[in-house]
Amino acid sequence: MQEYYNFKDVEERWQQHWEENDLFESTLNLDKPEYYTLEMFPYPSGNLHMGHVRVYSIGDVIARFKRMQGYNVLHPMGWDAFGLPAENAAIERDIHPNNWTWDNIANMKKQLESLGISYDWDREVATCHPDYYKWTQWLFLQLYKQGLAYKEAASVNWCPGCETVLANEQVVNDACERCDTEVIEKNLAQWFFKITDYADDLLADHELLEEWPERVKIMQRNWIGRSEGVEIKFPLEELDEELEVFTTRPDTIYGATYMVLAPGHPLVKELVAGNEEEEEVLNFVAEMEEKDEEERTSPESEKIGVFTGSYAINPMTEERIPILVANYVLMGYGTGAIMAVPAHDQRDFDFAKKYDLEIKVVVEPEDKDLSGETLEEAYTEDGVLVNSDILNGLDVEAAFEKIANYMEENNIGSRQVNYRLRDWLVSRQRYWGTPIPVVYCDECGVVPVPEEELPVELPTDVKFTGAGESPLAQADDFISTTCPECGANAKRETDTMDTFVDSSWYFLRYTDPKNDEQIFDSKKSNYWMNVDQYIGGIEHAILHLLYARFFMKFINDLGLADAREPFEKLLAQGMVLKDGAKMSKSKGNVVDPMEIIDKYGADTARLFILFAAPPEKDLEWSDEGVEGASRFLNRVWRLASDYVEQIKELDLDNLELSDLDKKEAELNREIHQAIKKVSADLDERKNFNTAISAVMELVNAIYSYLNDVEEENVELLGTAIKTTILLLAPFAPHMTEEIWFELGYGDSIHQQEWPDYDEEALKKDEITIVVQINGKVRDRVEVDADISEEDLKEIVLSQDKVQEYLEDKEVVKTIVVPKKLVNLVIK
RNA sequence: GCCGGGGUGGCGGAAUUGGCAGACGCAUCGGACUUAAAAUCCGAUGGGCCUUAGUGCCCGUGUGGGUUCGAGUCCCACCCCCGGCACCA
């Protein structure tokens, strides 16, 4: 065995060996328990970055650990290969997106292989491959059949930078999530998926996701934004129509002193027609329309409004209520109109104060009277209803129930659930995506492409000008087709699908990636699904994870899968930072993983990135830390190489370690301690940093044992070293494989059984008990581990130091924590 | 504003159920090896106090209070940082 560890030679050799022997291939095997571990597949930008290294290292540790535990592990990899950068490359550098993407995939695959990640590459998928997107299109057709895919004209977000529409989820602070360009509103006919049909399901099933981080579920809950209320119909004084409003506080209806319409509300024009306020209102509406979304709707901008000159009738009291138009009511939520209750809603309160509108208190705290004149802020807490006729004396909850029932019985209103969540806008005016499989026929209208004609392939001979429309919109050969229903000339849809559609079901395709008859064989997918451990960036908390959950539910409803949730456990890993900031080209703080692998090897890179921080937290890159990881691996290597010849001779599998002296028993204890700690950290806590530190402690213990003894117990030492490399195998797969091989074992270390710890070996004969006096540590005593409480107290009291403290004092209380401490309370 | 997460040495972090705060690593310092250096191995390393240098004392986990024999951990109030949502009726 070489004295120095030559990582280059070792890593390359074993990567090749693993591949040639299909070591990580997973096949359906009903006799073994399965474990499906998956990392979010990457967009093939062409090069790995440290974020990739982190997520794939985490996934690989889990995959290798679970294999050693005896599971049949599925650990696949693929490519989220559609997307804009490919098109931009085509425009800027005249490379076809198809070539650009496949070249990148080849390069990134090579890089992933050099990291030594244990993928079953036979299951590789790429969303841009017709064999894959055929089934994305097939899913679109199923959604269409169920009425869950529809085309509708709506006010949508348009990103001028990407020249396409975006889903709500892809707009962050009114800017495009991808390119940060400010989005503008456009009214366009677009394809939507009816994710709102699943809103309640998506919310309720969070309960099934016990092993998801709470914060991700909360983010999704906020995004879905469910609220229960009542839609109330207010008759209009002048028109023979009703004004519908949505409110979560129908109990405060007696305190409604005015109504507000959003500037874009369809009734505004009718309401002002002929009134003296008409001109002013129409000017106001026009003014609002000119402002952009941000300015008009931000809570910071001032609340402004105008009176329409018209009145509504309060259905409970028959009172006239003035109707206003104001900027603080949004057309996009509820009905675009509200009843304003300034006494009990802060926004209404602010507005009423500004325009001197009536503030009428209808809820009071039990112990205090409120009045509209003296109120300084809206009272939104629970309380007792007053000035509210049939509701007087009730608390808020009871009043809600009573008034809601009353309104439903009297046809005044009905209970409604409102969501913040909008339907998912999936069409994109881009080329490099999955074509939407529909055609437009003058006779038959929108006609879905028959399933047997799938895939609708992307044409390759298109022009990338970068100007104006999508290249597909100019691809006449692609566009002109015949209607599947009547055979007449028809036109193809030229929009493609949001790439989040592609990634919403890829985890199912991995279970049966080469099936050309069906999307997947349910027998196979049901064996593997759901994904036991999913790992990826927190940035997908809403987007990808919500869409994928929606698709899983839909696919379950189609009867194709048993699972209703795709991902059993979720690990949302933190970012990799350098100098406190996310690595980026513009900041010039990028560390290239390939340079690190070249300089230190993949095992070092993996070990460092797993050791530096717990996985869910951000990780600060440290060159010195990398050195440390490298140093540790070399320390292990030296240990093995120094003793390899002696250990080789031993039959470590059938060894009875007996008659250990004190130092030996101590090392033996460290061995089992490490096994216990690493197993628990990997299995339950997913804390790789502390798992690694436990292995380091074992290695330190081996070194100090060797320093301490004249002559080492080779059998014990062999066991210690063997255990060390077994525990280290998931983290540093190459070096441990090489040592394993050098020790004379034939098979791969990655096919070995994970070591078990022996509870007996963990036991100490003598333990240290901490002696506290009034809660402060004052002494320590070494005692037999099985000492009785009485004997322990006696020993503690007899200590010189304790005696000193006890002079002139009295022990009032003695607390004994078995095997840990004794606390004497003295006075 | 609302909802999460967090604040521990010079740094990354550990402390899993309320029981020795600072595991492990980095950095720094000292020693050994060496002609020398690197590498390696061994050791020290939260701050302060002292004619007693110890098996010593005091302080110390964002701040202030509290509960408890005992609090990084629980409770109350507050400050700061990060993330999400934000006129959602």
Side-chain angles (χ1 to χ4, degrees), chain A residues 4 172-173 213-223 225-227 229 245-249 252 260 262 296-303 326-330 332-341 345-348 350-351 418-421 538-539 541-542 574 608 611-614 616-629 631-632 634-635 638 677 680-681 684-685 687 689-697 699-700 703-704 706-707 768-780 799-801 812-826:
Chain A
Y4 296 103
V172 179
N173 294 330
E214 206 54 37
R215 62 172 167 155
V216 173
K217 288 190 271 185
I218 289 168
M219 280 162 76
Q220 292 198 347
R221 203 176 303 140
N222 288 342
W223 187 262
R226 182 182 203 274
S227 59
V245 304
F246 175 75
T247 178
T248 54
R249 293 295 303 275
T252 62
V260 187
R296 190 177 62 231
T297 60
S298 145
E300 275 89 54
S301 40
E302 203 181 355
K303 292 179 175 52
N327 63 339
Y328 78 97
V329 171
L330 311 173
Y333 185 80
T335 61
I338 62 158
M339 64 174 201
V341 185
D345 181 286
Q346 193 57 42
R347 294 154 301 184
D348 297 340
D350 294 343
F351 189 79
N418 249 303
Y419 301 95
R420 217 191 67 110
L421 181 74
I538 185 74
E539 66 274 18
I542 294 169
F608 164 73
F611 179 63
E616 68 281 3
K617 285 182 73 176
D618 286 351
L619 178 155
E620 176 69 26
W621 183 264
S622 153
D623 291 334
E624 292 81 12
V626 178
E627 295 269 0
R631 219 156 24 216
F632 170 70
N634 280 302
R635 195 164 146 89
R638 269 193 306 277
K677 173 75 176 153
D681 278 352
E684 292 137 36
R685 298 207 314 162
N687 270 18
N689 54 333
T690 49
I692 292 167
S693 73
V695 182
M696 287 173 167
E697 283 181 78
V699 172
N700 290 346
Y703 270 90
S704 56
L706 290 171
N707 272 312
T768 307
I769 299 289
V770 167
V771 180
Q772 292 187 340
I773 289 167
N774 288 342
K776 289 197 161 139
V777 182
R778 295 301 181 189
D779 203 2
R780 290 178 176 82
Q799 297 296 306
D800 290 351
K801 277 198 77 169
V812 241
K813 200 171 177 186
T814 309
I815 289 117
V816 179
V817 182
K819 305 202 173 209
K820 279 195 176 142
L821 104 179
V822 175
N823 186 15
L824 302 174
V825 185
I826 64 172

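Reminder, nothing fancy here: chain letters follow the sequence lines and each chain counts from 1.
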With the side chain defined as heavy atoms from C-beta on, A:Q772 is closest, among B:C20, B:C24, B:U16, to B:C20
Presence of donor-acceptor pair under 3.5 Å, side chain of A:K303 and base of B:C87:
yes
Atom pair CD1 (A:I338) and OG1 (A:T247), whose distance is rounded to the nearest 0.5 Å
8.5 Å
Taking for each residue the nucleotide of RNA chain B with the nearest heavy atom, is it A:G775 or A:A694 whose nucleotide lies nearer the 5' end?
A:A694
Once you apply the 3.5 Å cut-off to both distances, tell me the Watson-Crick or G-U wobble partner of B:A36, or none.
none
Nucleotide opposite B:G12 in a Watson-Crick or G-U pair, distances under 3.5 Å
B:C24
State, without any angle test, whether A:R420 and A:N222 hold a side-chain donor-acceptor pair at a distance under 3.5 Å.
no
Using only heavy-atom distances, decide whether a donor-acceptor pair under 3.5 angstrom links the side-chain of A:N222 to the base of B:C85.
no
Proximal nucleotide (of B:G13, B:U16, B:C69) relative to the A:V825 side chain
B:C69
Looking only at the side chain of A:N707 (C-beta and beyond, no hydrogens), which of the listed nucleotides B:C69, B:C42, B:A14 gets closest?
B:C42
Base-pairing mate for B:G43 - Watson-Crick or G-U, with both contacts under 3.5 Å
B:C29
Want to settle it: does A:D618 or A:K820 sit nearer the 5' end of RNA chain B, counting the closest nucleotide to each?
A:D618
Distance test, side-chain N/O of A:R778 to OP1/OP2 of B:U55, below 4.0 Å
no
A side-chain contact here means heavy atoms from C-beta on lying under 4.5 Å apart; do A:M339 and A:T252 qualify?
yes
Indicate, with a heavy-atom threshold strictly under 4.0 Å, whether A:N700 touches base, sugar-phosphate, or nothing.
sugar-phosphate
Does A:N823 reach the main-chain N or O of A:G775 with its side chain, forming a donor-acceptor pair under 3.5 Å?
yes
For B:C57, the nucleotide meeting Watson-Crick or G-U wobble distances (both under 3.5 Å) is B:G48
Scanning all shown strands, the Watson-Crick or wobble mate of B:G1 with both distances under 3.5 Å is B:C85
Whole-Å C1' distance, B:U45 and B:G31:
15 Å
Looking only at side-chain N and O atoms, does A:D348 offer a donor or acceptor that is under 3.5 Å from a partner on A:Y328?
yes
Can you tell me the distance, in whole Å, between the CG atom of A:L821 and the P atom of B:A15?
20 Å
Nucleotide nearest A:R638 when distance is taken to its side chain, options B:C41, B:C85, B:G19:
B:C41
Between B:G13, B:G25, B:C59, which nucleotide gets closest to the side-chain atoms of A:K776?
B:C59
